[in-house]
Amino acid sequence: KAGVTQTPRYLIKTRGQQVTLSCSPISGHRSVSWYQQTPGQGLQFLFEYFSETQRNKGNFPGRFSGRQFSNSRSEMNVSTLELGDSALYLCASSIGDLPNQPQHFGDGTRLSIL
Amino acid sequence: KNEVEQSPQNLTAQEGEFITINCSYSVGISALHWLQQHPGGGIVSLFMLSSGKKKHGRLIATINIQEKHSSLHITASHPRDSAVYICAAPNQGGSEKLVFGKGTKLTVNP
């Protein structure tokens with residue numbers, strides 16, 4: 001069974017640009033969650049999608065958005081990039097919605113802002 | 001918001017030692033997660049537990065709901081156990097679904 005796939009693995013952007021990251025969950029998993037990891041803040045919850053609906057969003061500005069498609073694949077978008085957006089972005093999928101389900105993580109997208 | 005604290009922040013051990021990592025949280029929860037992150041970033045979910053104890057190979061996780069405390073133990077530690085271990089708890093009344101500890105960086109020397 002294929003794991004969670006995130007693309008791209010690495011990305012370099014400049015301030016002011018926008019970026020879209022993709023996540024393909026494990027087949028049959030309906031919940032996809034996104035996380036940001038930085039050295040200073042550690043892991044932080046971004047948002048969770050379940051059956052194409054955003055269930056929760058963490059304390060991030062409106063520049064961070066996402067969506068989930070009918071096949072459960074998810075994308076997150078960050079507009080007007082800032083230097084502080086440099087981070088490892090992880091997605092995880094689970095059969096049911098958080099927080100009472102084990103999660104399966106992708107390898108992450110490492111985003112660097114110049 | 002649930003506050004999640006982990007200790008120690010860093011831990012160095014010799015191969016074969018028994019390891020304990022602690023996690024405490026401030027608000028009662030339904031389940032707690034233990035995660036392992038290797039250099040390079042990949043995260044593996046080790047345990048999700050809501051009561052008692054779970055064991056997988058040399059790893060044991062325990063939780064005390066009344067004391068709002070969980071521990072992760074590694075028996076007969078090995079250099080391949082070197083990683084960052086992170087606990088995560090559900091957030092009650094906040095926008096974040098999960099709140100994470102800062103992680104414990106474990107280094108096991110041969």
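The chains referred to below are lettered A, B, ... by the order of the sequence lines, with proteins before strands, and numbering in each begins at 1.
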Subject >> Residues in residues 100-110 of chain B that sit under 4.5 Å from chain A, counting heavy atoms only >> reply: Phe100(B), Lys102(B)
Original post:
Do Trp34(B) and Val4(B) belong to the same hydrophobic cluster, where Ile, Leu, Val, Met, Phe, Trp and Tyr are linked whenever their side-chain heavy atoms lie under 4.5 Å apart, directly or via other members?
Top reply: yes
Subject >> Distance-minimising heavy-atom pair for Leu98(B) and Tyr35(A) >> reply: CD1-OH, 3.7 Å
Subject >> Non-hydrogen side-chain atoms of Phe105(A) and Leu35(B) separated by less than 4.5 Å >> reply: yes
Original post:
Under a 4.5 Å heavy-atom cut-off, does chain B meet the side chain of Leu43(A), its backbone, both or neither?
Top reply: both
**OP:** Tell me whether Tyr10(A) is reachable from Val4(A) by hopping between hydrophobic residues (I, L, V, M, F, W, Y) whose side-chain heavy atoms are closer than 4.5 Å.
**Re:** no
Original post:
Should Leu49(B) and Ile21(B) be regarded as members of a common hydrophobic cluster, given that ILVMFWY residues are connected when their side-chain heavy atoms come within less than 4.5 Å of each other, either directly or indirectly?
Top reply: yes
**OP:** Give a yes or no on this: more than 12 heavy atoms of other residues, nucleotides or ligands lie within 6.0 Å of atom CZ of Arg58(B).
**Re:** yes
Original post:
Are Phe64(A) and Val99(B) connected, step by step, through hydrophobic side chains (Ile, Leu, Val, Met, Phe, Trp, Tyr) whose heavy atoms are closer than 4.5 Å?
Top reply: no
Original post:
Leu46(B) versus chain A, heavy atoms under 4.5 Å apart: side chain, backbone, both or neither?
Top reply: neither
Subject >> Which of Ser45(B), Ser50(B), Ala89(B) touches chain A most, by non-hydrogen pairs under 4.5 Å >> reply: Ser45(B)
**OP:** Rounded to the nearest 0.5 Å, what's the gap from NZ on Lys97(B) to CZ on Phe47(A)? Could you check?
**Re:** 14.0 Å
**OP:** Answer yes or no: does atom CD of Glu5(B) have more than 12 heavy-atom neighbours from other residues, nucleotides or ligands under 6.0 Å?
**Re:** no
**OP:** Treat each ILVMFWY residue as a node, draw an edge where side-chain heavy atoms are under 4.5 Å apart, and state whether Ile19(B) and Leu72(B) are in one component.
**Re:** yes
Subject >> Any Gln103(A) side-chain heavy atom under 4.5 Å of Met48(B) side chain >> reply: no
**OP:** Name the option with the most non-hydrogen atom pairs under 4.5 Å to chain B; the candidates are Gln101(A), Arg55(A), Arg110(A), Gln41(A).
**Re:** Gln101(A)
Original post:
Do the non-hydrogen side-chain atoms of Asp107(A) and Ile43(B) ever get within less than 4.5 Å of each other?
Top reply: no
